[in-house]
Structures are given as C-alpha cells and as structure tokens.
Amino acid sequence: MTEPATLEIEHVSHHYGARVALDDVSLTLEPGRFNALLGPNGAGKSTLFALLTRLYRIQQGEIRFQGASIEQVPKRLLASLGVVFQQSTLDLDLTVLQNLEYHGALHGLSTREIRHRADRELSWLGLADRKKEKVRALNGGHRRRVEIARALLHKPRLLLLDEASAGLDIASRQAINMAVRSLCDERQLTVLWATHLLEELQPADPTVILHQGRVKASGTGASLCEANHCEGIAALFEHFTMQGPD
Ligand code: ADP
C-alpha cells in the first residue's frame, strides 16, 4: 500500500499590501490523519489554502509536498490534491454527473473511468440516485457531498476542506465530518479540515490553532487541553483566541 501523503509548511508569511494575513506559519500534517486547522474568521485559513492550491504565489517560506517544494513539483501536487473550497464551485445548471465529468476531464480521465469512479464516490456518499439531477435541485448538504465526490474523483492523496460544512444544519455537518474522517481510515488520505466550529473536532485530532495569522498552538486537542489546563476544546480555543496580538 502507498504511504500516506506528507505536507510541511515552513515559516510561511503572506501579506495583502500592508495587511499581514499569515505571519511565520509552520505546521506539519500528520500523514493519513484528519488534521484540524482551527481559527476564527480572519485567522488566515483561506489564505493558507490559496497558497496550498497555488492560487497565490508563496511570498515567504516554503511548502513541501512529499518532501519537495510545491514550487518545484506543481503538477505532482495538483494531481494529488483534492480540494473543497469554502464557496461552492459547482455549476448549478449542470447535473451532478456532468459536474464530475467536467472535473474528471480536466484531470485527463477517460469518460469510462469518470463514470466508473463517479458511481463509486456518489454511492458511498448516498447520492447514487441523484446523479442525473441538476445540482440546483439538491439541498446544501447534498451539494457539499457532490463537491467531496468531485474532489475524490482523481484519487487524491491529500484532501483540503475549507469550512466544508459551513451553513449546513447540524445533522448534515456531522454526516459530512464523519464521511471525511472515514477517508483517513479507509483510504489513508491525509486530510486538512479548516474550521471555526469547535464541535467538528475530536480530542485525538492533530490540531493547529491559527489566530491573527499566527500558529498559537499545535498538538492533539487532548494534549493541548492538558498542557494549557483547559477543560475542553472550547476553553482552549478561548484561551488562545481571546488574547490580543503578542
Ligand atoms: P479566514 O479564512 O481564517 O477567515 P482569511 O485568510 O480569509 O482568513 O483572511 C486573513 C486576513 O487577510 C484577514 O484579515 C482578511 O481580512 C485579510 N484578507 C483576506 N483576503 C484578502 C484580500 N484579497 N485582500 C486583502 N486582505 C485580505
């Protein structure tokens, strides 16, 4: 079996003009695990995602995928990366399957392969019978599942999700969270799950707390709580995010 993918972010800073969005951020994902990136709005999560997906050029620092700088191996990175962005990027007037076909074609998959893989991903996400419907007819939770199916179509090894369950009801949020967790166990995917919602984390998750563009803490939620004498993740989050700038 292939080893799970590795990702290291080292001393990354990013500025929008005079505004500092990321300030000397370093973190290493645990391969094959559900890694949580926890931060309030404005923490810098989306900026980090934009760098990881090469939407923005790295201004300072280095990001390494499988040990190589992503600037040296952009094609290898993009072929191995599945992404669910905060804002939906589905075409509402295409069917579920057409959205997946479009994505598969961009990754150079044959129509036969795309249909085969689409059936597989839509089935385990409980959407097999919706594939011929326009995305517009689906509720928010189902649209998110389609985005996950699409992100998995080219068999990525690293899955990035930016506030993937934002705006959904609790049941849909939990279902999507559990579905993504199962990918780590069943497919050895390395997952980076960015959120501001504490209830999406489990105590054993490798967790990074990002606030005002800086890494405030990293470790499992449980170990961070113990080290900082906090009762739970909520207290921990408050401990690190109620502080002003250093
Ligand atoms: P998060 O995803 O955690 O909410 P962002 O990465 O969106 O955080 O934002 C980090 C900081 O950078 C915020 O202060 C935000 O206002 C600022 N920012 C984000 N995008 C831009 C942009 N395109 N231009 C200027 N400032 C930006």
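FYI, side chains are in, hydrogens and waters are out, and symmetry mates aren't considered; it's all heavy atoms of this structure. Along the sequence shown, residues are numbered consecutively beginning with 1.
The cluster map of Ile, Leu, Val, Met, Phe, Trp and Tyr, joined by side-chain heavy atoms under 4.5 Å apart, puts Leu125 and Leu94 in different clusters. Residue Val84 is not grouped with residue Val146 when hydrophobic side chains (ILVMFWY) are merged at heavy-atom distances under 4.5 angstrom, including chains of intermediate members. Residues Trp124 and Leu161 share a single hydrophobic cluster, defined by chaining ILVMFWY side chains whose heavy atoms lie under 4.5 Å apart.
The CD1 atom of Ile63 sits 4.0 Å away from the CD1 atom of Ile70 when rounded to the nearest 0.5 Å. Here OG of Ser46 is found 10.0 Å from CG of Leu22. Values are rounded to the nearest 0.5 Å. Rounding to the nearest 0.5 Å places CZ of Arg145 at 10.5 Å from CZ of Arg130. Atoms CZ and CG, from Phe237 and Leu38 in turn, are 4.5 Å apart once rounded to the nearest 0.5 Å. Note that OG of Ser172 and NE2 of His142 are 7.0 Å apart. Values are rounded to the nearest 0.5 Å. If you take CZ on Arg157 and CG on Leu189, they are separated by 9.0 Å, rounding to the nearest 0.5 Å.
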Given side-chain hydrogen bond (donor to acceptor under 3.5 Å, both in side chains), test Glu200 with Ser165 step by step and report yes or no.
CA-CA 9 Å; Glu200 297 187 336; Ser165 57; 2.3 Å; yes
For the pair Glu121 and Arg187, evaluate salt bridge (charged side-chain N to carboxylate O under 4.0 Å, His left out) and give the outcome as yes or no after the intermediate values.
CA-CA 12 Å; Glu121 302 302 353; Arg187 303 191 198 178; 2.9 Å; yes
Dump the intermediate steps for salt bridge (charged side-chain N to carboxylate O under 4.0 Å, His left out) on Arg64 and Glu62, then the final yes or no.
CA-CA 6 Å; Arg64 286 198 300 273; Glu62 188 172 65; 2.8 Å; yes
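More than 12 heavy atoms of other residues, nucleotides or ligands sit less than 6.0 Å from atom NE2 of His15. Counting heavy atoms of neighbouring residues, nucleotides and ligands inside a 6.0 Å radius, atom CD of Gln59 exceeds 12 of them.
Between Arg136 and Asp93 there is a salt bridge, with a side-chain nitrogen of the basic residue lying less than 4.0 Å from a carboxylate oxygen of the acidic one. Residues Glu147 and Arg143 are not paired through a salt bridge, judged by the lack of any N-O separation under 4.0 Å between the basic side chain and the carboxylate. A salt bridge is absent between Glu71 and Arg57; no separation between the charged side-chain nitrogens and carboxylate oxygens falls under 4.0 Å.
Counting heavy atoms from C-beta outward, Asp162 and Leu37 have side chains that stay 4.5 Å or more apart. At least one side-chain heavy atom of Val191 sits less than 4.5 Å from a side-chain heavy atom of Cys184. The closest side-chain heavy-atom distance from Leu192 to Phe49 is below 4.5 Å. Counting heavy atoms from C-beta outward, Val180 and Trp193 have side chains that approach closer than 4.5 Å. Using a 4.5 Å cut-off on side-chain heavy atoms (C-beta onward), Phe85 and Leu160 make no contact. Side-chain contact check for Ile209 versus Leu236: some heavy-atom pair is nearer than 4.5 Å. You'll find the side chain of Thr6 stays beyond 4.5 Å of the side chain of Thr190, heavy atoms only.
Side chain of Thr207 to backbone of Asp205: a donor-acceptor contact under 3.5 angstrom is found.
Close placement of the His154 and His103 rings is indicated, their centers lying within 6.0 Å of each other.
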